[in-house]
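First comes the structure, then the notes that go with it.
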Amino acid sequence: GCPLVYFDNAATTQRPRQVIEAITETYEMHYGNVHRGIHRLADETTELYENARQRIAQFLNAKSHEEIVFTSGATAGINLVARAWGDAYVQEGDEILVSELEHHSNLVPWFQLAERTGAVIRYIPITDEGLLAREQLERLLSPRTKLVAITAVSNVLGTIVPLTEIIAAAHATGALVLVDAAQSVPHRKTDGQSLNADFLVFSGHKMLGPSGVGVLYGKREILESMPPFMGGGSMIREVRMDGFIPGDLPYRFEAGTPPIVPAIGMKAAIDYLERVGLERIDQYERELVKRLHQELETLDFVRILGPKPEEKSGIVSFVVERIHAHDIAQLLDHVGVAVRAGHHCAMPLHKRLGVTASVRASFYFYNLPEEIERLLEGLDRAVRLFRRRK
Ligand code: PMP
């Protein structure tokens with residue numbers, strides 16, 4: 001009964017008509033399987049799918065489309081690296097360095113790798129403001145560090161991580177770097193070559209695209225050195241009775257029928273985002289963050305988590321004194337404001353901050369400043385209701 005305010009963009013975004021039309025048109029007019037058929041529909045689909053890969057390579061300023069592997073999402077990309085690279089190169093006593101900001105998707109695959117290999121997981125701590133304690137980095141990096149797996153932007157605090165510095169320091173000690181860019185690629189310009197990460201992952205559904213598709217971007221020489229993770233059709237050059245020869249990049253990591261139409265939809269999403277302009281998107285969302293911060297800071301019963309707005313991308317998480325985050329989210333939902341409540345797949349981070357759950361408002365460029373007022377009105381109602389009940 002009231003207009004929707006959608007502030008759950010860190011979980012997933014809404015898609016524009018152009019993306020939906022690209023998907024529908026593919027299914028209606030150009031749909032076959034890729035890389036297989038010698039018929040027109042299969043050729044058309046293959047061309048659209050490979051165009052999507054080229055477009056993503058260009059979007060990320062990758063050196064080549066061979067560095068772009070389609071996955072089912074950021075989580076799948078991290079698991080692919082943990083399995084294919086990790087099982088081949090990580091041994092007992094080696095160290096994987098993560099941070100206290102990480103999403104479970106960038107923790108659990110490394111725990112699992114540690115279980116398989118005897119590797120050790122170490123953490124770059126954060127400050128009480130939710131910034132990475134950079135001065136600890138030198139102490140933590142050593143020749144034992146095989147990989148630094150780190151988020152670009154915290155999905156809870158919005159903290160922007162100083163990647164350039166971390167990547168340079170990691171490379172200086174011989175470690176590789178995986179960047180979990182699920183919360184940054186959709187909002188901020190990413191230049192793969194100047195960033196110089198070895199692996200970078202993200203998901204289509206958080207950037208106006210369909211669910212079920214994501215990208216693992218990896219440096220060609222490193223991807224080439226990795227055995228395939230999943231086996232099946234399309235990832236081989238040759239199969240004999242007694243074995244197989246893996247295919248070339250990027251196909252050796254795309255076993256089976258890939259997320260064809262979602263990848264094509266993701267291209268349409270990128271076209272849309274680039275028309276709007278990522279610099280503009282970033283700037284605009286930061287204005288929204290500043291505004292919400294200013295308002296929340298006037299409420300003595302609210303604790304904002306994380307750093308100052310200047311250090312944040314478009315995410316604001318907070319806790320309300322004596323009211324559980326789920327209750328706040330539910331009451332906000334009654335007035336049409338969608339936020340997320342809980343641990344946001346970052347339980348260790350919440351523990352570090354001394355809370356079990358938080359309310360998260362996460363923005364995208366289609367959100368409006370007036371919508372922040374709706375959130376604040378809803379919050380005010382919720383607090384008054386709870387105070388009356390006590
Ligand atoms: N990393 C971060 C920082 C995220 O925010 C998310 C999604 N919440 C993921 C990884 C996982 O993304 P997906 O579920 O699309 O694989």
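No hydrogens, no waters, no symmetry mates; every other heavy atom, side chains included, goes into these values. Both ligands and their constituent atoms are indexed starting at 1 by order of listing. The first residue of the sequence shown is numbered 1, and numbering continues consecutively from there.
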### Task
Sequence neighbours left out, what pairs pass side chain to side chain donor-acceptor pair (under 3.5 Å) with at least one residue falling in residues 4-14?
Asn9-Tyr366, Asn9-Asn367, Thr12-His205
### Chi angles and distances behind the salt bridge (charged side-chain N to carboxylate O under 4.0 Å, His left out) call for Glu287, Lys290
CA-CA 5 Å; Glu287 285 304 313; Lys290 217 189 282 174; 3.5 Å; yes
### Query
Which residue pairs satisfy the side chain to side chain donor-acceptor pair (under 3.5 Å) criterion with at least one member in residues 376-385, sequence neighbours excluded?
Asp380-Arg384
### Query
To the nearest 0.5 Å, what is the distance between OH (Tyr27) and OG1 (Thr45)?
10.5 Å
### side-chain contact (heavy atoms from CB on, under 4.5 Å) involving His293 - partner list, sequence neighbours excluded
Val289, Glu297, Ile304, Pro309, Lys312, Val316
### Task
Report yes or no: do Glu50 and His65 form a side-chain donor-acceptor pair below 3.5 Å?
no
Table of N or O contacts for ligand 1, cutoff 3.5 Å:
residue	atom	partner	partner atom	Å
ligand 1	1 (N)	Asp180	OD1	3.1
ligand 1	1 (N)	Asp180	OD2	2.5
ligand 1	5 (O)	Gln183	NE2	2.6
ligand 1	8 (N)	His103	NE2	3.2
ligand 1	8 (N)	Lys206	NZ	2.8
ligand 1	15 (O)	Ser203	OG	2.6
ligand 1	15 (O)	His205	NE2	2.7
ligand 1	16 (O)	Ala74	N	3.4
ligand 1	16 (O)	Thr75	N	2.9
ligand 1	16 (O)	Thr75	OG1	2.6

